[in-house]
Amino acid sequence: MGRSPRMIGVISKENQKAVVEEFFELFKTPWAIWREGGEYDVVITTDQKASLPHAKLLLVFCPETVRMDNLHEIKILSCQERGKIAREGSVIPIYGSLTTFEGQKEPFLSTGNGKTAGLALDLPGRRILRLGYDLFDEVEYLLRRGQPAENAQIPTLEMHIFLLRKWILDAGIPLVEIPPSPYGYDFMTCLTHDIDFMGIRDHVFDHSMFGFVYRSLVPKYLKGLDKKTAAARYRKNLRALLSLPLVQAGILPDFWYPLGKYPEVEKERKSTFFFIPFKNRPGDAPAGKPVKYRAARYDVRKHTDAIHGLKRQGREIGLHGIDAWKDALKGKEEIAVIRRITGEDRIGVRMHWLYFSDDTPRHLEEAGASYDSTLGYNETVGFRSGTTQVFRLPGTKNLYELPLHAQDTAMLYPGRMGMPESGAIDLCGKLIGDFRAHGGAFTINWHDRSLAPERHWDTAYLALLEMLDRERTWFATAGEAVSWFEKRRACRFDASVTVDGMPNVTLGGPGMEDGLPVTLRVHRPISPDVETARFEDFCIGQNRNFDQSIPAEC
């Protein structure tokens, strides 16, 4: 591919250092803080006051006036908080300031209403892109605050990475990166299950039992089904209802018991089960007053043998936390319960009811969680943090977030999205398309009761699994996915040592050679000989060399 790519130089505001580092763990490509005298093909700046250095491609992300504007007769037309930029028929939300411009230069990026949000200046030997937003402020917002539900299905952060990559390649500049999926796979899939119930036998004359009776008689979950399927499920619910006295007496099996059904359905596909650590403990609510219905009625310690059986099948056991989101000491207590049962030191967490606050990352890290998988939506599905990838939670040193992307209850539950099962599968298919395009880990939560009466969402789950089987996806436990991303983060580029014109990649410390390999992706930019950008993938195996390659088109 000719000469080896040089690092991207970054000039950011002083308070953006941490988010810049995290951004380039997500867009894993060689970069460095810009230094006088360094050689950079690409320079990115968000600092309004910085001098603009010479580079083949200079990207100026700033909604305020910068020094070059007057020189090149660029005028700010308007500036607003929040907006959208358009890209080939798609829109990307902007959560900070968004400036539009007027001038004689080439407009290459527009807002949702057609105004110019980006101007291109072609000068002798270099190209300057003037953009009306701050890229790193956008990344900070997405990772710290998250997207509102109306933008949930837009992988906004991944789109920012896509655009940056495209602009570099369009400028004829070669690029290498380590994409966010193992070598030979397009993405990972994490099947997870929140265990809120361990059986209807734990519920005698309480709201859960009476709710089951009501929903079995009133066909609440049968909307959108054809008449034959709806009638069959209604008969199943009536049979379950009639069997309830014998189930409560221990004569018949508990039809809500989930630990045997999921391994039977998932077969060799790995999955993760999150268990509540304490019986009859609702925990504190964000508003302060506990919600009694949040308390679990099962004692996880009584299911130790079954949990060990899940582990022998390759399943992972995690914590479905109660108060760990707001209290590190209580978090330690909750994690300790799961550690004692499993004998595992690394315990991942998903908070019950997805409780989370600005201080939750710090509490979970102090409690000793190995990762979190809470950041998702109860009312919809998609990309709350705008990313398909595992990322480091802001304010922590080593606590990683595996975002939650799709929940059965969000899609199918009346009062939330309330979709028919066919619509939910179609929506998951759209999400899968995003993962196929961007990589990452598709994290799905299918609840304990969802294969049982009165929901009967096993048909939808099987359809989703069959759809995923047709993809190049690795079914990993949540912990395995996080560990793979830790391995990717530990990779380091060394531009001073090249192999066939490519920077050498080291895999980090001891143990990083284990598990599925990472990929070095070499992008060939547009040139007089190449009409469209292409890439070639190289496997970085245990010997840290480029073992084999598979050419592939973008």
Side-chain angles (χ1 to χ4, degrees), residues 1-11 23-24 26-32 34 38-45 52-61 85 87-90 92 105-109 118-131 135 157-181 183 186 436-439 491 493-505 518-540 546 549-554:
M1 59 174 282
R3 64 180 176 79
S4 62
R6 295 172 183 162
M7 286 190 173
I8 296 172
V10 178
I11 306 171
F23 175 77
F24 282 104
L26 302 177
F27 182 29
K28 190 76 175 180
T29 191
W31 76 283
W34 181 86
E39 294 187 53
Y40 310 97
D41 279 337
V42 181
V43 172
I44 298 171
T45 180
L52 301 181
H54 188 280
K56 187 173 181 181
L57 177 64
L58 175 63
L59 298 114
V60 182
F61 289 95
I85 54 176
R87 196 277 306 177
E88 298 176 6
S90 300
I92 303 173
K105 309 305 178 185
E106 173 195 349
F108 73 96
L109 191 68
L119 290 171
L121 293 73
D122 287 307
L123 303 174
R126 63 176 178 153
R127 181 173 175 82
I128 300 176
L129 301 184
R130 176 72 174 95
L131 298 115
L135 172 63
L157 202 158
E158 302 303 327
M159 295 304 298
H160 284 303
I161 293 172
F162 171 88
L163 286 179
L164 180 54
R165 182 191 300 113
K166 182 179 187 299
W167 292 331
I168 292 171
L169 296 175
D170 286 351
I173 299 170
L175 180 73
V176 297
E177 66 174 314
I178 298 175
S181 55
Y183 181 77
D186 292 329
R436 192 187 308 122
H438 301 293
C491 290
F493 295 98
D494 184 355
S496 64
V497 180
T498 62
V499 179
D500 295 332
M502 295 172 290
N504 191 40
V505 179
V518 298
T519 304
L520 182 69
R521 179 162 291 170
V522 181
H523 292 272
R524 299 174 178 174
I526 295 172
S527 69
D529 300 324
V530 181
E531 294 182 358
T532 58
R534 299 168 65 90
F535 64 74
E536 191 173 8
D537 284 349
F538 295 83
C539 177
I540 305 177
F546 309 110
S549 64
I550 298 179
E553 290 190 5
C554 295

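For the numbers below, each heavy atom of this structure counts, side chains included, while hydrogens, waters and symmetry mates do not. From a predicted model like this one, the values you see are computed outputs, not experimental measurements.
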Ile173/Trp167 under side chain to side chain contact (heavy atoms under 4.5 Å, CB included): CA gap, chis, key distance, verdict: CA-CA 9 Å; Ile173 299 170; Trp167 292 331; over 6 Å; no

Provide the closest heavy-atom pair for Arg126 versus Pro53 in the form atom of the first, atom of the second, distance. NH1-O, 3.7 Å

On a heavy-atom basis, which atom in Met7 and which in Trp31 lie closest, and how many Å separate them? SD-O, 3.4 Å

What distance separates Leu131 CG from Thr45 OG1, expressed to the nearest 0.5 Å? 11.5 Å

Atom pair CG (Leu129) and CD (Glu106), whose distance is rounded to the nearest 0.5 Å: 9.0 Å

For the CG atom of Asp537 and the NE2 atom of His523, what is their distance to the nearest 0.5 Å? 8.0 Å

Shortest non-hydrogen contact between Pro525 and Leu169, atoms and distance: CB-O, 3.4 Å

Between CG of Asp186 and CZ of Arg436, what distance do you get to the nearest 0.5 Å? 7.5 Å

Looking at every heavy atom in both Tyr183 and Val518, which two are closest together, and how far apart are they? CB-O, 4.0 Å

Stepwise side chain to side chain contact (heavy atoms under 4.5 Å, CB included) test for Val10 and Phe23: CA-CA 11 Å; Val10 178; Phe23 175 77; over 6 Å; no

Classify the ring geometry between Phe27 and Phe24 as parallel (under 30°), tilted (30 to 60°) or perpendicular (over 60°). parallel

What is the ring orientation for Tyr40 with Trp34, classed by angle as parallel under 30°, tilted 30 to 60°, or perpendicular over 60°? tilted

Quick one: does Leu163's side chain get under 4.5 Å of Ile92's, heavy atoms only? yes

I want to check something: taking the side chain as every heavy atom from C-beta on, are Leu164 and Ile44 in contact at a cut-off of under 4.5 Å? yes

How close do Asp41 and Ala55 get, heavy atom to heavy atom, and via which atoms? O-CB, 3.9 Å

To the nearest 0.5 angstrom, please state how far the OG1 atom of Thr29 sits from the CD1 atom of Ile8. 5.0 Å

Contact check, side chains of Val176 and Pro30, non-hydrogen atoms, under 4.5 Å: yes

Roughly how far, to the nearest 0.5 Å, is the CD atom of Glu39 from the NZ atom of Lys56? 13.5 Å

Non-hydrogen atoms of Phe162 and His438 that approach each other most closely: CB-CE1, 4.4 Å

Are any non-hydrogen side-chain atoms of Phe493 and Leu520 less than 4.5 angstrom apart? yes

